Amino acid sequence: MIVPGFGQAEAGTPGLLASSGAEEASVRLRKSDIADLVSEQPSFQVREWRIDRIGWLVMGLIVIAGLLGVWGGGLAGDATVSAGDGSMSVSYDRFVRNLGESTLVAEFPPGSAEEGSVSLALDQAYLTSNEVQSVTPEPDSVTARDGRFVYEFSAAGDAALTVRFDLRPSSGAGVRTATIESGSGGQASLWQFVYP
């Protein structure tokens, strides 16, 4: 390799800056090393591409799950079940957080009252896994019977009744199930997932 501006060197001429063959090989080796790292290792590039795509897929699934309501609210998060005999419908949060807030709403259609009252029975195990913050309207009585708490509410015979339970899940993460029974014997089952 000739240093620019000096022209060809004659053999034995002192002071000219000509590089030796060893230096040329060294320069070629360094260029080759860089080429190997950048473009000549397809297995590394394929692995990096796969990891990148998997990361984008996971992030996309998290966003879609959030939009659907898996983290609370939304299409997948809000649920409604009805008793088989049509005596009530129950709306609740399917996905809740431990020590967060949750709501369970039971709606009774007009004509549900028997002798001026409507009763609602909830599994004792479900209620003990939640702190009951409030019940609206306030029940006339609450009794424990056959592994359930039975709530009695005053209601006019021809009026609809909506009962709201404000709950706070307090027994850790996991799946909760419950059966809710109306005074006429109609039952509705719910499934709830509690995040930590």
Side-chain angles (χ1 to χ4, degrees), residues 27-109 112 120-137 147-149 151 160-182 186-196:
V27 169
R28 274 192 235 121
L29 180 63
R30 277 186 256 136
K31 287 181 181 176
S32 176
D33 289 344
I34 293 170
D36 284 345
L37 290 174
V38 174
S39 64
E40 295 180 11
Q41 291 189 4
S43 64
F44 175 76
Q45 288 179 344
V46 168
R47 185 177 27 195
E48 182 181 7
W49 181 84
R50 285 183 183 152
I51 292 170
D52 185 49
R53 294 301 177 252
I54 290 169
W56 278 106
L57 178 66
V58 169
M59 287 189 295
L61 291 175
I62 289 170
V63 169
I64 289 170
L67 292 173
L68 289 175
V70 173
W71 315 127
L75 296 174
D78 298 330
T80 301
V81 293
S82 297
D85 64 355
S87 60
M88 73 173 168
S89 66
V90 179
S91 301
Y92 66 98
D93 301 316
R94 184 174 287 145
F95 301 102
V96 296
R97 287 174 183 76
N98 190 44
L99 301 177
E101 295 179 357
S102 175
T103 303
L104 185 142
V105 177
E107 296 178 335
F108 296 89
S112 298
L120 168 69
L122 275 160
D123 288 341
Q124 185 174 356
Y126 177 75
L127 287 178
T128 54
S129 68
N130 291 281
E131 292 176 21
V132 179
Q133 302 291 312
S134 66
V135 180
T136 308
R148 295 183 175 176
F149 286 117
Y151 292 80
L161 176 66
T162 300
V163 178
R164 177 185 170 108
F165 289 83
D166 292 313
L167 306 170
R168 184 176 183 194
S170 59
S171 62
V175 175
R176 307 279 185 274
T177 58
T179 301
I180 302 164
E181 186 175 333
S182 66
Q187 293 185 346
S189 296
L190 63 88
W191 176 94
Q192 194 172 51
F193 185 81
V194 180
Y195 291 108

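Scope of the values below: all heavy atoms of this structure, side chains included, with no hydrogens, waters or symmetry mates. Because the structure is a prediction, the values reported are computed rather than measured.
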Q) Take atom CZ in R50; do more than 12 heavy atoms of anything else shown fall under 6.0 Å from it? A)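 It does not: R50 CZ has 12 such atoms or fewer within range.
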Q) Crowded around Q133 CD? As in, over 12 foreign heavy atoms under 6.0 Å? A)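 Atom CD in Q133 is crowded, with more than 12 foreign heavy atoms closer than 6.0 Å.
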Without swapping roles, check the side chain of [X] against the backbone of [Y] for a donor-acceptor pair under 3.5 Å.
{"X": "D123", "Y": "A125", "result": "no"}
{"X": "R168", "Y": "L99", "result": "yes"}
{"X": "Q192", "Y": "D93", "result": "yes"}

Q | Centroid-centroid under 6.0 Å between Y151 and F165 rings | A |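 Y151 vs F165: aromatic centres under 6.0 Å.
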Nearest-0.5 Å distance, [atom1] of residue [X] to [atom2] of residue [Y]:
{"X": "T177", "Y": "F193", "atom1": "OG1", "atom2": "CZ", "value": "13.5 Å"}
{"X": "L61", "Y": "W56", "atom1": "CG", "atom2": "CH2", "value": "13.0 Å"}
{"X": "L167", "Y": "L104", "atom1": "CG", "atom2": "CG", "value": "6.0 Å"}
{"X": "S102", "Y": "N130", "atom1": "OG", "atom2": "CG", "value": "6.5 Å"}
{"X": "L67", "Y": "I62", "atom1": "CG", "atom2": "CD1", "value": "12.0 Å"}
{"X": "L127", "Y": "Q124", "atom1": "CG", "atom2": "CD", "value": "8.5 Å"}

Which atom pair, heavy atoms only, marks the closest approach of [X] to [Y]?
{"X": "P169", "Y": "G100", "answer": "CD-O, 3.4 Å"}
{"X": "G172", "Y": "V194", "answer": "O-CG1, 3.5 Å"}
{"X": "Y195", "Y": "A173", "answer": "C-CB, 4.1 Å"}
{"X": "N98", "Y": "S171", "answer": "OD1-N, 3.6 Å"}
{"X": "A83", "Y": "S87", "answer": "CB-OG, 3.8 Å"}
{"X": "V81", "Y": "S189", "answer": "CG1-O, 3.5 Å"}

**Q.** Test applied, side-chain contact (heavy atoms from CB on, under 4.5 Å); reference residue, R148; option that passes from L122, L120, T179
**A.**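 Option passing the side-chain contact (heavy atoms from CB on, under 4.5 Å) with R148: T179.
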Q | Step-by-step side-chain contact (heavy atoms from CB on, under 4.5 Å) determination, V105 to E107 | A | CA-CA 6 Å; V105 177; E107 296 178 335; 4.1 Å; yes
Q. Below 4.5 Å, heavy atoms only, C-beta onward: do D166 and E101 meet side chain to side chain?
A.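 No. Closest side-chain heavy atoms not under 4.5 Å.
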